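The structure appears right after this line, and notes come after that.
In this text the structure is predicted, and so the values were computed from the model without any measurement. Side chains included, hydrogens not; waters and symmetry mates left out as well; all remaining heavy atoms used. Numbering of ligands and ligand atoms starts at 1, following listing order.
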Amino acid sequence: MNIILVGFMASGKSTVGKILSKKHNLKFVDTDSLIERKFNKRIKDIFKENGENFFRCAEHNIISSDLKYCTDCIISTGGGMPCFYNNMDCLKKIGWVVYLKCDFETIKQRVKRGTRPLFENEGAAYNLFVQRLKCYEKSHFEIDASKDLSKVVLEIERIMKS
Ligand code: S3P
């Protein structure tokens, strides 16, 4: 069964996903990297040159193309992925969706400035954070990801064993 990590930007999805995949010898799939490879462009350039709608469409298509063929993978999704189209329902059909829940203060500290087009302005990012909570909460599981990420790894391992 796939484990699909969702949550706001900088909540630890990629970090935790890479640790889990290494430890359990499972394939790691990162939806942002798939899109970057497909268009041979960084996410921030896709946003700048093609616009957000184009990116959301590409993100949606990734589910029915690449992700559909994943089995026993650790999948890290872009922060907005579950909140557009019927993506959350689609994701829930292909694996256990785990929400890494993080408070905004922790996110602010973790975020690397300049790499995320939707985190250029802190106020706007906070509004987005609040708006998206309801969507993330539809996940199968919810884990407090504000704490040490090694503890988050342990909690996901518990889910994997169940
Ligand atoms: C986005 C999050 C980013 C990336 C894009 C849009 C979002 O991924 O997909 O910049 O809408 O929250 P991370 O969650 O890995 O930062």
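- With salt bridges taken as basic N to acidic carboxylate O contacts below 4.0 Å, none links R158 and E155.
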Identify all side-chain donor-acceptor contacts of residues 3-16 below 3.5 Å with residues at least two apart in sequence or on another chain.
| from | atom 1 | to | atom 2 | distance (Å) |
| --- | --- | --- | --- | --- |
| S11 | OG | F8 | O | 2.7 |
| K13 | NZ | G7 | O | 2.9 |
| K13 | NZ | T77 | O | 3.2 |
| S14 | OG | D30 | OD2 | 3.1 |
| S14 | OG | S76 | OG | 3.4 |

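- Judged as a ring-ring contact (aromatic ring centres under 6.0 Å, His included), the pairs with a partner in residues 43-66 (not counting sequence neighbours) are, in order, F39-F54, F47-F55, H60-Y85.
- Atom-to-atom distance recorded for D72:CG and M160:CE is 8.5 Å, nearest 0.5 angstrom.
- Taken from CD1 in I63 to CG in L91, the straight-line distance is 4.5 Å, to the nearest 0.5 Å.
- Within 4.0 Å of ligand 1, protein heavy atoms belong to M9, K13, D32, I43, F47, F55, R56, G78, G79, G80, R116, P117, L118, R132, listed by chain and number.
- In this structure, the side-chain hydrogen bond (donor to acceptor under 3.5 Å, both in side chains) partners of N50, at least two apart in sequence or on a different chain, are K41.
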